Amino acid sequence: MKKIIALVMVVALMLTCFAGCGGNGDAENKGSAPAGDNEGTASDVTTEVTTVTEGKLTMGTNAYFQPYEYYDGDKIVGIDAEIAAKIAEKLGLELVIEDMAFDSIITAVSEGSVDLGLAGMTVTEDRLKDVDFSISYANGVQAIIVPENSKITTVDDLYADGAAYKVGVQLGTTGDIYATDDFGDELVTSFTTGNEAVNALLGGDIDCVIIDNEPAKAFVANNKGLKILDTSYADEDYAACIKKGNTALLNAVDKAIRELIADGTIDDIVAKYIK
Ligand code: ARG
């Protein structure tokens, strides 16, 4: 039975890869799923949306992920926070942001303690078993941060014969999942935040950090002696996750994102944070 499940998963991953691997340069598409396009009818959109707290749209995130979500004083700002505010506005709801560990977001969404997760979250086949995803609003790249004088010069060095580099990642992220798969538990250390991973790198405890490209850029800009490799580790799609079966909310969020893409709002928000 296990074998059959494993085989089905391998086939599913292969199909995903065939669908998503075109023209990605060096990066592999490590089973990250293409974001769905959930066409909603107009009637689903306005009439049936119910939320965890009436009149509010509660978003779960992990606010240590600049420029998507991070603290400015005691306020959570960033691309996702602004996109969520626009979505809430379109739904006539007030946005409430709840900060939590990244690996708690999917549970919070599927257990119904928040309405949606927006956290630079990559759509993957595995996550699709637990939650639904909106259409994608951004592309993500898993990048590799190394010290400036590192022996690691390309992503291939990590796989070289006899290479046993220590990799740091953020717990429960795709960087964590893929790196653990590729290099094994002993070589991969998962930190609660990307910041802690970068500190371990600066302290010489690990040899590289695998993390999304935009936060990687922020970490490199804020810390001396680090650089990002030119070759990336994986290419991904970011989307909002929503409780399985909550199609009214999913359709409403999809419709909102589609409009925010079409009228250039999302481009404007991104341009504000990513120069
Ligand atoms: N894109 C990666 C993933 O989905 C990392 C996202 C981390 N996001 C955050 N807000 N800390 O696994």
Side-chain angles (χ1 to χ4, degrees), residues 16 20 24 27-36 58-72 75-84 97-110 114 116-145 167-182 188-199 208-219 222 228 232-242 269-270 273-274:
T16 309
N24 281 340
E28 294 168 57
N29 191 321
K30 297 183 179 279
S32 98
T58 309
M59 152 182 162
T61 197
N62 170 255
Y64 298 89
F65 201 68
Q66 200 176 344
Y68 290 94
E69 42 268 331
Y70 59 100
Y71 281 94
D72 180 10
K75 200 171 172 249
I76 296 172
V77 298
I79 295 171
D80 288 338
E82 291 205 24
I83 292 176
I97 302 182
E98 271 187 34
D99 187 18
M100 57 186 75
F102 181 75
D103 70 332
S104 301
I105 299 172
I106 293 205
T107 313
V109 168
S110 56
V114 299
L116 82 175
L118 209 60
M121 189 181 284
T122 306
V123 183
T124 72
E125 293 294 345
D126 260 350
R127 290 174 181 166
L128 278 165
K129 290 178 196 151
D130 297 319
V131 286
D132 288 335
F133 277 98
S134 71
I135 58 165
S136 175
Y137 62 89
N139 294 117
V141 168
Q142 293 297 312
I144 302 172
I145 310 177
V167 179
V169 293
Q170 186 183 8
L171 183 68
T173 62
T174 47
D176 184 5
I177 298 159
Y178 305 155
T180 306
D181 241 36
D182 285 353
V188 179
T189 311
S190 315
F191 298 85
T192 314
T193 61
N195 212 14
E196 287 162 67
V198 169
N199 283 337
C208 67
V209 171
I210 298 181
I211 195 157
D212 302 55
N213 195 39
E214 290 306 327
K217 284 193 213 159
F219 287 130
N222 296 334
I228 298 172
S232 59
Y233 181 60
D235 285 329
E236 312 180 315
D237 287 317
Y238 290 168
C241 65
I242 289 169
I269 293 172
V270 170
Y273 289 93
I274 301 177

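Treat the numbers as computed from the prediction; the structure is a model and nothing was measured. For ligands, and for the atoms within them, numbers begin at 1 and follow the listed sequence.
Counted by atom type alone, Gln142 and Asp212 present one or more donor-acceptor pairs between their side chains at under 3.5 Å. In summary, the side chains of Ser190 and Asp176 do present a donor paired with an acceptor at a separation below 3.5 Å, with no hydrogens or angles considered.
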Next on the checklist: Using side-chain hydrogen bond (donor to acceptor under 3.5 Å, both in side chains), reason through Gln170 and Thr173 one step at a time and then give a plain yes or no.
Outcome noted: CA-CA 6 Å; Gln170 186 183 8; Thr173 62; 5.5 Å; no
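Under the 4.0 Å criterion applied to side-chain N and carboxylate O atoms, Lys129 and Asp126 are assigned as salt-bridge partners.
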If you look at each N/O of ligand 1, which protein N/O atoms lie under 3.5 Å away, and at what distance?
| unit_1 | atom_1 | unit_2 | atom_2 | d |
| --- | --- | --- | --- | --- |
| ligand 1 | 1 (N) | Gly120 | O | 2.8 |
| ligand 1 | 1 (N) | Thr122 | OG1 | 2.8 |
| ligand 1 | 1 (N) | Asp212 | OD2 | 2.6 |
| ligand 1 | 4 (O) | Thr122 | N | 2.8 |
| ligand 1 | 4 (O) | Thr122 | OG1 | 3.2 |
| ligand 1 | 4 (O) | Arg127 | NH1 | 2.8 |
| ligand 1 | 8 (N) | Ala119 | O | 2.7 |
| ligand 1 | 10 (N) | Asn62 | O | 2.9 |
| ligand 1 | 10 (N) | Glu69 | OE2 | 3.0 |
| ligand 1 | 10 (N) | Ala119 | O | 3.3 |
| ligand 1 | 11 (N) | Asn62 | OD1 | 2.8 |
| ligand 1 | 11 (N) | Gln170 | OE1 | 3.2 |
| ligand 1 | 12 (O) | Arg127 | NH1 | 3.3 |
| ligand 1 | 12 (O) | Arg127 | NH2 | 2.8 |
| ligand 1 | 12 (O) | Thr174 | N | 2.7 |

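Of the options Phe102, Tyr238, Phe65, a side-chain contact (heavy atoms from CB on, under 4.5 Å) to Met121 is made by Phe102 and by none of the others. Among Val123, Thr107, Ile106, Ile105, the one residue that satisfies the side-chain contact (heavy atoms from CB on, under 4.5 Å) test with Val131 is Ile106.
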